[in-house]
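For reference, the structure is listed below as structure tokens.
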There are 2 protein chains.
Amino acid sequence: MTTIKDIAKKANVSTGTVDRVIHNRPGVSKKTKAHIEKIIKEHNFQINTIASTLALNKSYKIGVLIPEASSENEFWSEPKKGIEKATEDIKNFRVSTSFFLFNQFDSQSYTTAFSNILEGEFDAVLIAPVFQKETSQLTQALDKKNIPYVFINIQINSLNAISFIGQDSFKSGYLGAKLMSVMIADTDEVLVPVFRLNTDNNAGIYERINGFKSYFEEKRPSVKISNTVIPDVNNFEVIKSSLDKEFEKTNIAGIFVPSSSTYLISKYLESSNIKNIRLIGYDTNQENLQYLKKDIIDFLICQNPYLQGFNGIKLLSDYLVMNKMPEGKYHSAITIVTRENMEAY
Amino acid sequence: MTTIKDIAKKANVSTGTVDRVIHNRPGVSKKTKAHIEKIIKEHNFQINTIASTLALNKSYKIGVLIPEASSENEFWSEPKKGIEKATEDIKNFRVSTSFFLFNQFDSQSYTTAFSNILEGEFDAVLIAPVFQKETSQLTQALDKKNIPYVFINIQINSLNAISFIGQDSFKSGYLGAKLMSVMIADTDEVLVPVFRLNTDNNAGIYERINGFKSYFEEKRPSVKISNTVIPDVNNFEVIKSSLDKEFEKTNIAGIFVPSSSTYLISKYLESSNIKNIRLIGYDTNQENLQYLKKDIIDFLICQNPYLQGFNGIKLLSDYLVMNKMPEGKYHSAITIVTRENMEAY
DNA sequence: CTGAAAGCGCTTACAG
DNA sequence: CTGAAAGCGCTTACAG
């Protein structure tokens, strides 16, 4: 292993000077700089990041702004776990994380959490930008302070996040359609129900629907796709009456639920004793998995939210500690989960 | 951050003594040991692994015994890439890896490579135990020298590997059957072709077939499953005549190929202009992906071989550097890849 | 513009 | 049984 000391000896300079050259710090004459650079190249020297972080003795704080997981919607517990695991991994690099959780159905709580982060003097921020308008405003403060931030799960292209980690929603809907397509006949009809609450705060859901419809338009225009908006996600009676109406109107063979609330539709099918409906939904929360196990849900499309959290923190840590610039976006896996692989996907 | 120095001060001892206690090294009186342990607990002290590896100044060598990727079968290029990435990650922990590649169709080359590893004085070995009998013999030498080893991709339960990383083959076949099942009718017939070469060196393939058949026996016994052994994987004429015979005999609606040679079956279907056959196979090699794109293959079942290599090395590195004992086995994902998610799964 | 020296947190050979 | 000191590879405040 070549060390700074080796390089210094070869170049007839002190280790301090080599260090200055490596990090492009000022105060080295052009001549010695070129000389040292040549020797570094010749020996294919690479700095020992371990020794470097130890010597730097610098610590970094990352603020994390994500929704709190609730019993109705536990989706966000997965990114949280991933973030906690990553935090453990980077602890020895003196990087710490602090959570600022908000209620994903309450924009005020988002604004409050965001303001707390702004006061906290963080070196970087990981954000699930659930509320678009608020995010546009609040990230300006980060931009002004030159604090880097990364979006997970939801992308807002117009802003200055140094990276985005999340699924290509259109593609995932397109995939959902393919899966539906292999299960139904040319003359069948498919229902796409949307819950009001979801649509308000997640543009991704519309993209999923777009992807789903595009597939059938391109490949099987004979299949009829119909939409319905269910006005209240929290009231099962409302869900029931909305769906009852749809089932009266048309002869539905399949349902594509573009959100993690798939289990609510399953619950309806189960309680109304409607059989032989092909059902495709999103995300492996406990409720969904139960209906997957019961064969009421056929396929769940997933995005590995654990990894979104984990990679988000790792990426920011690498950026802070090793000055490693991330790619502009990382598309998460589009994973298909069935009853048969639900324990290993 | 609490350091050894802090603990030493509180305990009125030197840092050396604290270090001895932390690592359970001998030469500390019971009394001081208990005292120091108490203080460590009180302060929730955890050792800084970065400083530790730097001070230890110890290096480790991992030998890697996997098949070489060939143009016909590039599967093993993925684990190799994962191993190379992991090697990069752990370089600063002074862990290095060396490849010993063998021809997966030539047991002699396996034995030779293995012997070279035994002579190389490695601290740990990562093995793809393609040849069962040879592995049983050769690992005895590792056992005798107390050199830890991990199996990837192929499991041999009877041996003393400290861990296994790979897919549950039975389950993957079971999943394949589910996918086939949603695409075919009750009266349809399914063909399961096996290539001679494959069966010789991979028990996993039989397990895949077992899983596939079990599903239909349990859920849809009306579907007829037939086998055929194709005697030569390298001669397309042989493949063609074997399959021609099968297609004459029965009315095949679907084919399940339990190996990564799926593309050979696709080639047959394409060249013979046989349409509307549902085709499910294994692994995302370039050839398979091309037929997936052309809609000739419907589903590929994958095991993320990149991660198998990556995690195998990481696990061994953690074991060597941090003394972290791994679990006995890690089941890789069983991933479903379609034309629609082939770029992100 | 350059070097000598102290320090990051842990480990260990040596002395007592 | 215990401590003082040197060292792992890099960084930096200080002196010149």
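Keep in mind that what you see is a predicted model, and the values were worked out from it rather than measured. The sequence lines fix the lettering, A, B, ..., with proteins before strands; numbering per chain opens at 1.
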**Request:** Ignoring backbone atoms, establish whether A:Ser52 has a side-chain N or O less than 4.0 Å from OP1 or OP2 of D:dC10.
**Result:**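 So the side-chain polar atoms of A:Ser52 never come under 4.0 Å of the phosphate oxygens OP1 or OP2 of D:dC10.
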Measure from the side chain of [X], starting at C-beta and using heavy atoms only, and say which of [options] lies closest.
| X | options | value |
| --- | --- | --- |
| A:Thr17 | C:dC8, C:dA5, C:dG3 | C:dG3 |
| B:Asn57 | C:dA4, D:dC8, C:dG9 | D:dC8 |
| A:Arg20 | C:dC14, C:dC10, C:dT2 | C:dT2 |
| B:Val28 | C:dC8, D:dT2, D:dG7 | D:dT2 |
| A:Arg94 | C:dG9, D:dG3, C:dT12 | C:dG9 |
| B:Thr3 | C:dT12, C:dC10, C:dG3 | C:dC10 |

**Prompt:** Are B:Gln303 and B:Gln308 linked by a side-chain donor-acceptor pair shorter than 3.5 Å?
**Reply:**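 There is such a pair (donor and acceptor under 3.5 Å, judged by atom type) between the side chains of B:Gln303 and B:Gln308.
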**Request:** Ignoring hydrogens and angles, state whether a donor on the side chain of B:Lys33 or B:Asn24 is under 3.5 Å from an acceptor on the partner side chain.
**Result:**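 Looking only at side-chain atoms, B:Asn24 and B:Lys33 do form a donor-acceptor pair, the distance falling under 3.5 Å.
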Between atom [atom1] in [X] and atom [atom2] in [N], what is the gap in whole Å?
| X | N | atom1 | atom2 | answer |
| --- | --- | --- | --- | --- |
| A:Arg25 | C:dT2 | CZ | C1' | 15 Å |
| A:Leu56 | C:dG9 | CG | P | 12 Å |
| A:His23 | D:dC10 | NE2 | P | 9 Å |
| B:Ile50 | C:dG7 | CD1 | P | 21 Å |
| B:Asn24 | C:dC10 | CG | P | 17 Å |
| A:Leu54 | D:dG7 | CG | P | 17 Å |
| A:Lys5 | D:dG9 | NZ | C1' | 9 Å |
| A:Met1 | D:dG9 | CE | C1' | 8 Å |

Is any side-chain N of the basic residue among [X] and [Y] closer than 4.0 Å to the acidic one's carboxylate O?
| X | Y | result |
| --- | --- | --- |
| B:Lys38 | B:Glu42 | yes |
| A:Lys81 | A:Glu78 | yes |
| B:Lys314 | B:Asp318 | no |

**Prompt:** Side chains of B:Ser163 and B:Leu315: does their closest heavy-atom pair fall under 4.5 Å?
**Reply:**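 B:Ser163 vs B:Leu315: side chains touch.
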**Prompt:** Do A:Thr97 and A:Glu84 have side-chain heavy atoms sitting under 4.5 Å apart?
**Reply:**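 Result no, sub-4.5 Å side-chain heavy-atom pair not found.
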**Message:** One pair to check against side-chain contact (heavy atoms from CB on, under 4.5 Å): A:Tyr330 and A:Ile165. What are the steps and the verdict?
**Reply:** CA-CA 5 Å; A:Tyr330 296 89; A:Ile165 300 174; 4.2 Å; yes
**Prompt:** Using the benzene-type ring in the case of Trp, are the ring centres of A:Phe151 and A:Tyr149 under 6.0 Å apart?
**Reply:**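 Yes, the ring centres sit under 6.0 Å apart.
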**Message:** Does B:Asn12 reach a base, just sugar-phosphate, or nothing at all? Heavy atoms under 4.0 Å.
**Reply:**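 B:Asn12: backbone/sugar contact only, no base atoms under 4.0 Å.
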**Message:** What's A:Val18 touching, base or sugar-phosphate or nothing? Going by heavy atoms closer than 4.0 Å.
**Reply:**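 No contact.
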**Message:** Closest-nucleotide mapping onto DNA chain D: is B:Thr15 or B:Gly27 further toward the 5' terminus? I mean the 5' end.
**Reply:**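 Its nucleotide being nearer the 5' end, the pick is B:Gly27.
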**Request:** Output the residues of residues 29-49 of chain A in contact with DNA chain C, where contact means a heavy atom of the residue under 4.0 Å from an atom of the strand; sort by number or write none.
**Result:**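 Correct list: A:Ser29, A:Thr32.
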**Complete:** Parsed dot-bracket for DNA chain C after applying the Watson-Crick and G-U rules with both distances under 3.5 Å and | for other-strand partners is |||.||||||||.|||
Can you list, pair by pair, the side-chain donor-acceptor contacts under 3.5 Å of residues 115-123 of chain B, counting residues two or more places apart and other chains?
{"from": "B:Ser115", "atom 1": "OG", "to": "B:Thr111", "atom 2": "O", "distance (Å)": "2.8"}
{"from": "B:Asp123", "atom 1": "OD2", "to": "B:Lys61", "atom 2": "N", "distance (Å)": "2.7"}

